[in-house]
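Worth saying up front: this structure is predicted, and the values here are computed from it rather than measured.
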Amino acid sequence: MKNDLNIQEKELRFTAQERDEWSAVSGGMIENIPVTIELGKLRNEASGLRKRVACIWNAWQSQKQKSAVLEDKVKNLEHDKKTLADEIERLKQENKDLQDKLSAVTEVKDKFQGMIFKSSVISRPKSDNKRGAQEGHRGVSRKRPIIVDSEKEIYLTNCPTCEHPVTQTNTFTERTVTDIPIAKTVVTRYVIQRQWCGHCEKEVSGVPEGTVSGLRFGVTFLSWILIQKYRMRTPLAKIKELAFSLYGLKITEGGVQKLIGTLKKKSGPQYVEILQEIRKAKVKHADETSWRVQGQNHWCWLFATQKAAYYTIEETRGKGVPKNILEGSPQSSVLIRDDYAGYACIAAHHQSCWSHLLRVSHELAVLPHASKEVADLHSELTTLFAELSILVESTFDMVSRQAAHAKHLKQLEAIEARVYQCRDSKKVQTRIRNQHANLLTALLFKNVPLTNNHAERQIRPMALARKISGGSQSNNGASIHAVLMSIVQTMALKGQNIMETLPKILTAQGQRYVVALGKGVREKGKGVRYLFLFLLTVLYFIYGESASN
């Protein structure tokens with residue numbers, strides 16, 4: 001731009017010769033123009049233009065420098081933006097990984113917290129219904145006893161307020177009261193004959209009815225101890241206290257434990273019978289829980305039917321335990337269990353527990369950061385379980401059951417084949433894949449439930465006993481607990497009266513051919529007194545005859 005203005009300035013500087021030449025060319029017109037004035041104006045304009053150009057040039061250079069600086073800043077900002085975007089992606093991925101780890105740690109924490117501490121009470125929404133029986137409900141009250149053991153007529157001789165004498169009347173009110181008698185111990189001394197069997201060539205003796213050989217307490221008291229220990233979960237110190245408070249019996253904790261150990265030896269055959277009953281059963285349940293022996297980790301195993309329960313406490317949770325316990329079971333039987341892989345070695349049909357599967361899916365679905373995938377999967381499994389429950393409770397028909405089995409197996413296979421993106425839904429999917437058709441076995445058999453709730457209820461007494469006592473102090477104590485708990489729990493499942501049934505079991509052997517003679521009490525030392533009188537009589541006759549001679 002400067003060059004162009006210089007050229008224009010040069011062109012405005014006319015010489016005399018150039019002016020004459022231009023005048024000739026222009027026909028003398030230039031001579032009429034006041035050249036000096038015009039040149040002055042042009043010079044002023046050129047000067048102003050030069051200043052303006054210089055100002056614009058300086059401004060342009062300044063803007064050019066600023067533009068270069070801004071371009072550098074923009075490049076730096078774009079680089080920073082890209083760096084920040086990469087950092088944000090990295091932090092998002094790190095946050096997702098940390099949430100997954102936190103979820104896993106939270107699950108483990110909740111699991112162990114549930115083992116150690118009581119779960120927090122969840123507040124329920126308040127209901128508009130008043131507490132107690134609702135309007136329209138039939139009232140329930142205790143009926144009067146049909147059998148009345150005694151009847152007494154009550155009247156006053158004096159007024160209880162002013163102590164003035166009162167007379168009797170012919171009007172009455174009735175009141176029936178039920179009470180329990182004050183317990184009184186009965187002590188019996190048995191004089192047992194020592195006899196000889198010529199055939200066996202050994203000494204034999206009878207076992208009195210209502211007693212156990214070698215024990216100084218009767219079977220009724222022994223049955224009461226077992227009920228307190230294994231049904232009421234009463235500690236030994238409390239059993240000792242109750243025995244003295246109710247019956248006036250003084251017995252130490254060690255004495256109670258010794259009685260229980262003796263009962264375990266006497267109950268061995270019954271323990272074996274329970275095991276045989278479970279092995280032969282068409283439908284059986286299995287479960288296990290932890291147990292402590294001398295502070296070391298052991299496992300309490302349960303194998304149960306609807307009418308029997310068999311417990312055993314072992315050092316291991318390995319598959320060899322259920323394999324040995326259920327050895328000889330028919331392969332056509334059904335074993336209802338959770339998804340623990342240790343039961344897979346059992347040669348039988350397996351029904352996996354739906355309660356465990358739904359519990360896991362529910363716990364994952366209600367977490368704060370739960371994915372929509374696991375929520376939808378839990379809803380689908382809940383609907384499927386409801387449909388299966390209706391089928392299992394309906395009348396058994398093999399053709400319809402097989403069709404339903406094929407239909408729902410395809411539904412499970414569709415769930416297993418899906419591609420899930422979230423960790424929680426993948427976890428539930430893995431459990432379904434591991435169990436597969438075992439979730440539908442109940443459709444093909446009669447009277448087979450979908451859940452293992454029966455085993456959970458039967459193993460709960462052992463879990464409660466573990467919380468109260470902390471486990472066993474020896475392997476022998478653990479064995480005693482398993483044997484006697486099996487017998488008592490089996491009686492409860494069969495609806496038997498323990499106080500009536502247990503004495504029959506404990507005194508089943510040695511009761512035949514026993515005859516009880518007399519009802520009097522044999523005085524202590526009576527035989528020695530008779531012998532002394534006999535010797536005096538003999539001496540009297542000897543010395544009496546000598547004196548007479």
Side-chain angles (χ1 to χ4, degrees), residues 180-190 207-271 273-274 291 293 300 308-313 458 460-511:
I180 59 174
I182 299 176
K184 181 181 178 182
T185 57
V186 178
V187 180
T188 304
R189 181 187 298 117
Y190 294 98
V207 178
E209 184 179 359
T211 67
V212 176
S213 178
L215 296 183
R216 300 173 61 184
F217 292 95
V219 292
T220 303
F221 181 64
L222 299 176
S223 302
W224 178 83
I225 287 178
L226 291 186
I227 291 175
Q228 292 295 327
K229 175 68 175 175
Y230 298 104
R231 290 297 293 172
M232 306 304 171
R233 295 180 287 275
T234 308
L236 296 180
K238 294 297 182 181
I239 293 177
K240 167 190 170 183
E241 181 180 345
L242 286 173
F244 181 74
S245 300
L246 298 177
Y247 308 109
L249 289 175
K250 293 183 179 180
I251 185 171
T252 62
E253 296 178 30
V256 175
Q257 185 61 44
K258 186 175 180 180
L259 290 176
I260 292 174
T262 305
L263 292 177
K264 179 252 184 179
K265 296 177 182 179
K266 300 293 182 180
S267 305
Q270 186 71 14
Y271 187 60
E273 290 180 9
I274 294 173
W291 190 266
V293 178
C300 175
Y310 181 89
Y311 302 93
T312 179
I313 298 175
Q458 299 311 310
R460 180 170 174 78
M462 295 294 282
L464 293 176
R466 179 192 62 211
K467 290 182 178 181
I468 294 173
S469 64
S472 303
Q473 299 301 318
S474 64
N475 291 324
N476 183 45
S479 176
I480 291 172
H481 194 82
V483 172
L484 296 180
M485 178 63 88
S486 300
I487 293 172
V488 172
Q489 194 70 12
T490 299
M491 290 182 187
L493 288 174
K494 292 182 178 180
Q496 297 174 340
N497 188 320
I498 299 178
M499 294 295 291
E500 295 179 357
T501 307
L502 197 56
K504 297 178 182 178
I505 295 174
L506 297 176
T507 60
Q509 299 178 352
Q511 292 296 332

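Remark: Ala465 pairs with Trp291, His481 by the side-chain contact (heavy atoms from CB on, under 4.5 Å) rule, at least two apart or across chains. Considering only residues two or more places apart in sequence or on other chains, Thr188 meets the side-chain contact (heavy atoms from CB on, under 4.5 Å) condition with Val186, Tyr190. Qualifying ring pair (Phe, Tyr, Trp, His ring centres under 6.0 Å) partners for Tyr311, counting only residues two or more places apart in sequence or in other chains: none. In this view, Arg460 and Leu464 satisfy the side-chain contact (heavy atoms from CB on, under 4.5 Å) rule, not counting sequence neighbours. By the side chain to side chain donor-acceptor pair (under 3.5 Å) test, Tyr230 pairs with no residue at all, sequence neighbours left out.
Atom CD of Gln257 is separated from atom CD1 of Ile225 by 10.5 Å, given to the nearest 0.5 angstrom. Once rounded to the nearest 0.5 Å, the distance linking CE of Met491 with OG of Ser223 reads 7.5 Å. For the atom pair CD (Glu500) and CG (Leu502), the distance works out to 11.5 Å, reported to the nearest 0.5 Å.
For residues 478-493, no pair satisfies salt bridge (charged side-chain N to carboxylate O under 4.0 Å, His left out), with sequence neighbours left out. Within the structure, salt bridge (charged side-chain N to carboxylate O under 4.0 Å, His left out) contacts touching residues 471-484 (residues at least two apart or in different chains) do not occur. Screening residues 484-497 for side-chain hydrogen bond (donor to acceptor under 3.5 Å, both in side chains) gives Arg231-Gln489, Glu277-Lys494, Gln458-Gln489 as the qualifying pairs, with residues at least two apart or on separate chains.
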For Val488 and Ile227, what are the C-alpha separation, side-chain angles and deciding distance, and is it a side-chain contact (heavy atoms from CB on, under 4.5 Å)? CA-CA 8 Å; Val488 172; Ile227 291 175; 5.9 Å; no
Evaluation steps, side-chain contact (heavy atoms from CB on, under 4.5 Å), between Leu222 and Leu215: CA-CA 10 Å; Leu222 299 176; Leu215 296 183; 3.7 Å; yes
How far apart are the C-alpha atoms of Ile251 and Leu259, what are their side-chain angles, what is the distance that settles it, and do they pass the side-chain contact (heavy atoms from CB on, under 4.5 Å) test? CA-CA 10 Å; Ile251 185 171; Leu259 290 176; 3.7 Å; yes
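Side chain of Ser472 to main chain of Ser474: no donor-acceptor pair is present (N/O by atom type, distance under 3.5 Å, no hydrogens or angles).
Pairing each heavy atom of Val293 with each of Ala478, the nearest pair is CG2-CB, 4.0 Å. In terms of heavy-atom proximity, Ile260 sits nearest to Leu484 at CG2-CD1, 3.2 Å. The two residues Ala309 and Ile274 have their closest heavy-atom pair at O-CG2, 3.5 Å.
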Using a 3.5 Å cut-off and no angle test, enumerate the donor-acceptor pairs between side-chain atoms of residues 234-248 and protein atoms at least two apart in sequence or in another chain.
residue, atom, partner, partner atom, Å
Thr234, OG1, Gln228, O, 3.1
Thr234, OG1, Gln228, OE1, 3.2
Ser245, OG, Glu241, O, 2.9

Sequence neighbours left out, cut at 3.5 Å: what donor-acceptor pairs do the side chains of residues 262-270 make with other protein atoms?
residue, atom, partner, partner atom, Å
Thr262, OG1, Lys258, O, 3.0
Lys264, NZ, Ser479, OG, 3.4
Ser267, OG, Leu263, O, 2.7

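A 6.0 Å sphere centred on CD1 of Ile468 holds more than 12 heavy atoms belonging to other residues, nucleotides or ligands.
By the 4.5 Å heavy-atom criterion applied to side chains, Phe217 and Thr185 are not counted as neighbours.
Relative ring orientation between Trp224 and Phe221 is described as parallel, the plane-to-plane angle staying below 30° on a 0-90° scale split at 30° and 60°.
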